[in-house]
Amino acid sequence: VKPAPFRYAAPDSLAGALELLEDEDALPLAGGQSLVPLLNFRLARPSLLVDLGGVAELRGVDRVGDRLVIGAMTRQTELLRSGVAATGWPLIGEALAHVGHAAIRNRGTVGGSVAHADPAAELPVALSALDARMRVSSAAGERVVEVADFFRGPMMTALRPGELLVGIDVPLAPGAARMAFAEHARTHGDFAIAGVAIVQAPGQHAAIALLGGGLGPVRATAAERALLDGAAPAEVAALAATCAAGDHRRALIGALTTRALDRVTT
Amino acid sequence: MTRWSARQGDVDAAFAAAAHVVRGSYELPRLIAAPMETRGAIAAPAVAGEDGDVLTVWVSAQDLHRPRAQLAHILGRSESSLRLIIPDVGGAFGSKGVIAPEVAAVAAAALTLGVPVKWAEDRLENLVGTYQGRGIDGELELALDRDGRMLALRARLRADLGGYLLTTTPIPPHTAGTLIAGCYDISVADVEVLGVRTNKVPTGPYRGAGRPDAAYMIEALVDEAARMTAIDRVELRRRNLVHRFPHRTPTGLEYDSGDFERCLDLALELAQMPRDAGPDDSDWVRGTGIAVYVERAGGAFEGAEMTLEPGGRFTVDSSSSPHGQGHDITFAQIAAERLSVEPDAIELRFGDSANSPPGVGTFGSRSVSQAGSAVALAADDLVAAARTRAARVLEVDADEIAHGPGGFRAGGASVTWAELAAAASEPIRADARFQSANVFSSGAYVASVAIDRATGTLRVERLVAVDDAGILINPLLAHGQVIGGVVQGLGECLTEEAVYDDAAQLRTGTFLDYSLLTAAEIPPIVTGEVQTPSPLNPLGAKGAGEGGVVGTLPAIANAVADALGGRVISPPFTAEKLWRALQEQPATGERGEP
């Protein structure tokens, strides 16, 4: 087994990392919880692996004004335990609790999960419901990509060659929004078959993002409008369910939406 | 590829005379053993000038003797030219009883190259290449008289054996066929087991190895009979349980002893039936399931050699090596009790063919009853030999000597084991071989389940496990075996299934796809025990290694069928399958109420 031969570099600065990532066969290594298995199966065969573990400036969770600012190399456990995140953005911790197991979250990073864009991953769905913005850098400069534009399909994102996801900004939801995450998986810690993230402030704001509703996070826009207009939970859930393909998955999305709504509205 | 049948009595006449005939079709998917440690081996040729031409092979295997015989056969060498060493092994669950082809390959490579060669597989290789378990379906018919007395059983089992026969491939389906009458006194039967070739990896023993298959099918059929005859499922079982032992089954087995009804009573008492069966509500559909099982354990022979060492310590060489069962503790307890010394005075050795007595292997819930009995006999012989020496030391007749804690005494004089060891001109040793027919463990399980109407998610709310593994030597280890077996049985019920696509590619080649349970999925488990001694060995022991997995599957399957109004679906009981079954079933509010 195991990986095809590759070179390995461990830069200690973002600038150094971006320079190395200009090599078109280079891949960034974050927590390795997805990339290392892919390397071992030889589904990924980079010529150069750029280990971001030593880039201190990519780590940290802070509140800046009304934004939660998360460094891409922040470990999932660190974000899960962040009091700052829990205060304004409890949805994130709730979703993260479903990501793998503690040992995986201790190594796995926030940016790694987002940039990997597994369609069954929880974090992208939570960030979708929170209208997060992705900060993306390359040797040419930095740009910001809205979450709605970031996920392009299974394992596909708006990242261009040479670009690195460096951080995620999450705005504070309007009003005193309440949030809930619910998912269905075969076993605890397994990838979810279906999930839902809801952010709601009655009369002001409604966001419903779905896992399993498509090839990446999907916003259930019709259900959101109905929720904003004060529709009954059953109606909102039924509208959300129409976003999924397959009758059992529609049933799962409907049931999970009902349960999550129950938690944000009571 | 294989065919086996057994027939006793006039089956056609019994069916023709029956008041009720109940039929069922059942299917169990293939399962992957998935031990924590994958398979591997190191082969090292003899160093020039040492060991003759002995090839030393370290294998992650269940036991010593089968791999050595297999390797000798494949390599065309004598067994004495192979030294097998079984180090600590990270689990097997049946999957390491036949050596992998790679073990023979590293042995051949080491012989050819004259250097040590190592092989260790990764998880993908283990999931793809190891022989799998189960993969069997069956069609059963049961004839009953007006009172629910079982008159005759027909069973046609069909096993997916894979592409070729390993030495143990035919065994699980045969075991399923022989145990198909379960705990019931049915004297007329016609049983056929067909093993068919498919283009998959072979099957072979996996914890239970045919026993859960038989229990699943007969227990589902008995529930079907209860529904058809409108006789209470507990009462129907009581009317038909075997009560007299030894009992000869129509398939040729002889149950040595047991108390099936006491197991059932205890399980029902622990389950607090029927209070445990909550009513259905708008969110959950509930069901309870009852199953009794009997399983073949023990059999064949094992050996033990015991030596009194300086300082009054004892060395025991056992032919049976453990791979997680705790043989060292159990066997030390057996020896200590017979020698009347502390267990820590005893050192167990196993897993090296250089000093192992002849034996068969560690499988089929047989270690305590066979290898443990050999240890007991060796200890008795050692006491007898030591008594003679003690008589000489104390200058009295042997029959005046009392054996007790620490050594021997006659009147006011005594001699300790340590003194005997020091006084002996040659080592005091004993060896023993123990052989017996199969012993039969049994049990009764009760499961309560709830199915989420909206998603189909199965929640096992409670599981009661009552096992009769004969006289228990170490209750803690026996309890661990039950819990471990139950958890593997739950995995089989909830998630586990080896899935192949149309091109025979394994689609469950990682743990993302082959889903094992986590601690979060384990329900409260209530255990109880009945200890019916086996008359076939000096310990009265049976076997505990497989009961948990044998009882759990039919209990949960019957509970699921109960929740679904009698509809039988095949495990694993995934949310999608259950949700579909609920969609096709009219909602009723009456089921499950007292």
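As a basis for the values below, the full set of heavy atoms in this structure was taken, side chains included, without hydrogen atoms, waters or symmetry mates. Throughout, protein chains are lettered first and strands after them, A, B, ... in sequence-line order, and every chain is numbered starting at 1.
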Task: Which portion of B/Glu521 sits near chain A, non-hydrogen atoms under 4.5 angstrom - done: side chain

Task: Heavy-atom proximity to chain A below 4.5 Å, by part of B/Asp283 - done: neither

Task: Toward chain A, the part of B/Thr574 with a non-hydrogen atom under 4.5 Å - done: neither

- [ ] Heavy atoms only, distances under 4.5 angstrom: which of B/Thr457, B/Leu512, B/Thr495 has the most pairs with chain A? Name it, please.
- [x] B/Leu512

Task: With A/Arg186 via salt bridge (charged side-chain N to carboxylate O under 4.0 Å, His left out) - residues at least two apart - done: A/Asp190

TODO: Calculate, to the nearest 0.5 Å, the distance between atoms CG and CZ belonging to B/Asp122 and A/Phe41 respectively.
DONE: 7.0 Å

Open item on the list: Taking CZ in A/Arg81 as the centre, count heavy atoms belonging to other residues, nucleotides or ligands within less than 6.0 Å. Is the count above 12?
Closed with: no

TODO: Report the option among A/His101, A/His248, A/His184, A/Arg249 that has the most heavy-atom pairs separated by less than 4.5 Å from atoms of chain B.
DONE: A/His248

TODO: Sort A/Arg259 into side chain, backbone, both or neither according to what part of it lies under 4.5 angstrom from a heavy atom of chain B.
DONE: side chain

Open item on the list: Measuring only between side-chain heavy atoms, which start at C-beta, is A/Leu252 closer than 4.5 Å to B/Trp579?
Closed with: no

- [ ] Run the numbers on B/Leu517 and A/His188 for side-chain contact (heavy atoms from CB on, under 4.5 Å), then give the verdict.
- [x] CA-CA 8 Å; B/Leu517 297 189; A/His188 178 74; over 6 Å; no

Open item on the list: Quick check on the interface: out of A/Ala251, A/Ala255, A/Pro37, who has the most heavy-atom pairs with chain B under 4.5 Å?
Closed with: A/Ala251

TODO: Check whether more than 12 heavy atoms from other residues, nucleotides or ligands sit under 6.0 Å from atom CG of B/Asp88, and answer yes or no.
DONE: no

